[in-house]
Amino acid sequence: MSEALAMTGSALWREIRAAGMTTLAVMGMTKNTGKTVCLNHLLAHAHAQGTTVGITSIGRDGEDRDQVFSIPKPPVLVWPGSLVATARDTLLRAKVRWKQIGATGIESPMGEILIVRALDHGEMEIAGASRSSDQQKVIAILKGCGCALVLLDGALGRSHHASPAIADGVVLATGAAIGGGIADVIRKTRDRLAILGIPAADEVLTARCMGVFAHGGIGVWNRAGDCVFDARIPTLNAASTLLGLDEPAIQTVAVSGAVGRALWHALNTLLAKHPALAVVVADGTKLFIDATDVASFTAKGGRLAAFRRIRIAGITLNPFSPLGGSFDAGDFLDAARRAFPDHVVSDVMREEHTMQEGVFE
């Protein structure tokens, strides 16, 4: 199969390389949607085409068995020459030879995050930095060591690694494990994409809000374009502050941090008082609301935009569910490609099987 990979490469791999992405986050909609399979697919393509690749994880996501369903999880498979940023203790369990080439000075519950080069093809447990600032440092070190592409393996329930402040693009892994039929999975995936992929702010809004996203906090502007509030306050406690503003014509609100239910309710209250209100958030990973909330806000005349838009590099599918109710792989792929025509949609296991058959015919 490596011969076929070297000659062609998958559609997902070609999209990533053609876009010039140098940092890519792989995130799953839930457990067992094929995130690790996607990572291994990309690592194999990188090796086959001579691309120096680095890999790290957002915290630890490397248990041998799924703790919910108690089924074996596919291991991360590195290749000779792959650079790995992982906690010291995980290296005791590596099933490949490795050589340390650097250190980060970043401590984790499993020891310092070290930079090692894999000397063989095989399994490694990967546990990286948890904080965004530390993750950015690790990525910079990997790139400084010659990585043309850094892959980020995201832990369940964390999406901050998908932020454009960290990654150039995101691959979203979805599948039957989400529950329901094919139509239900596609709807839930579309809802997630609606949150992650909110449109970028235009040049005027970007210029207006730049200071807020540089120093953090909340900024508010009136219809004349004058700033009427700018403070480095936690967004978690910002709802009452926004509702208490004595300003008759609010036009724009910039929020640098997370937007949860209380703050979202406050923004909706402001929209009722100030038609055509524009809300700018850092990116879609900061929104802890539902796609229906976004649709309702827009339907009422509000505008929601991202200071930096998340780029979706592709969508990968896993038709298998450990709970039963698995899908026909072909039907799932066809339905997903119809539903998401603007994205590269792949079932990488199916694709690799087809490639392998082609090589050995």
Side-chain angles (χ1 to χ4, degrees), residues 10-13 15-16 24-42 66 68-71 73-74 154-159 162 169-199 259 261 264 283-300 302 304 306 309-354:
S10 70
L12 177 61
W13 175 255
E15 170 70 14
I16 292 164
L24 182 75
V26 181
M27 61 184 294
M29 289 276 293
T30 186
K31 281 184 176 288
N32 302 300
T33 53
K35 174 171 60 69
T36 304
V37 170
C38 177
L39 279 168
N40 289 338
H41 175 82
L42 297 176
D66 185 297
V68 178
F69 304 112
S70 194
I71 60 173
K73 291 187 62 179
L156 180 68
R158 299 179 183 180
S159 61
V170 175
V171 176
L172 184 65
T174 188
I178 292 174
I182 289 176
D184 297 305
V185 170
I186 286 176
R187 174 180 55 78
K188 292 171 185 176
T189 304
R190 183 182 287 114
D191 287 349
R192 170 57 67 177
L193 290 171
I195 295 291
L196 292 176
I198 58 171
V259 178
R261 282 285 160 196
W264 185 251
D283 58 70
T285 69
K286 301 295 186 182
L287 292 172
F288 294 89
I289 55 175
D290 298 326
T292 53
D293 297 317
V294 174
S296 175
F297 188 81
T298 303
K300 291 184 287 189
L304 181 63
R309 186 179 183 182
I310 294 171
R311 181 168 188 170
I312 304 297
I315 301 168
T316 61
L317 311 177
N318 180 8
F320 171 76
S321 170
L323 292 176
S326 298
F327 303 149
D328 177 89
D331 291 345
F332 189 26
L333 183 60
D334 290 343
R337 285 178 171 168
R338 288 195 302 270
F340 308 115
D342 297 330
H343 298 289
V344 173
V345 180
S346 303
D347 177 339
V348 297
M349 289 286 286
R350 181 183 174 92
E351 195 170 275
E352 288 177 3
H353 179 70
T354 301

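All figures in this text were calculated on a predicted structure; none of them were measured in a lab.
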- prompt: Would you call the rings of F297 and W264 parallel, tilted or perpendicular, where under 30° means parallel and over 60° means perpendicular?
  reply: tilted
Does any part of the side chain of [Y], heavy atoms only, come nearer than 4.5 Å to the side chain of [X], both counted from C-beta?
| X | Y | value |
| --- | --- | --- |
| C38 | L42 | yes |
| K35 | T30 | no |
| P319 | S326 | no |
| R192 | T189 | no |

- request: Check step by step if side-chain contact (heavy atoms from CB on, under 4.5 Å) holds for D293 and R261.
  value: CA-CA 10 Å; D293 297 317; R261 282 285 160 196; 2.7 Å; yes
Between [atom1] of [X] and [atom2] of [Y], what distance do you get to the nearest 0.5 Å?
| X | Y | atom1 | atom2 | value |
| --- | --- | --- | --- | --- |
| T316 | L12 | OG1 | CG | 7.5 Å |
| I198 | L304 | CD1 | CG | 4.0 Å |
| E15 | I312 | CD | CD1 | 11.5 Å |
| T174 | I315 | OG1 | CD1 | 8.0 Å |
| L333 | R338 | CG | CZ | 10.0 Å |
| L193 | K188 | CG | NZ | 14.5 Å |

statement: From the list L317, V37, L39, side-chain contact (heavy atoms from CB on, under 4.5 Å) with V348 holds only for V37
Any idea which heavy atoms bring [X] and [Y] closest together, and the distance?
| X | Y | answer |
| --- | --- | --- |
| G330 | R350 | N-NH1, 3.6 Å |
| A177 | K31 | CB-O, 3.5 Å |
| A173 | G34 | CB-C, 4.1 Å |
| I182 | A335 | CG2-CB, 3.8 Å |
| V185 | G179 | CG2-O, 3.7 Å |
| F320 | P322 | CE2-N, 3.8 Å |

Got a donor-acceptor contact below 3.5 angstrom from the [X] side chain to the [Y] backbone?
| X | Y | result |
| --- | --- | --- |
| N318 | N32 | yes |
| D184 | G181 | yes |
| S296 | T292 | no |
| T33 | G175 | no |

message: I'd like to know if the side chain of D283 pairs up with that of T285 as donor and acceptor (distance under 3.5 Å, no hydrogens or angles considered).
response: yes
task: Show the numbers, then the answer: is there a side-chain contact (heavy atoms from CB on, under 4.5 Å) between D191 and D290?
output: CA-CA 7 Å; D191 287 349; D290 298 326; over 6 Å; no
query: Can you name the residues that form a ring-ring contact (aromatic ring centres under 6.0 Å, His included) with F340, not counting sequence neighbours?
result: none
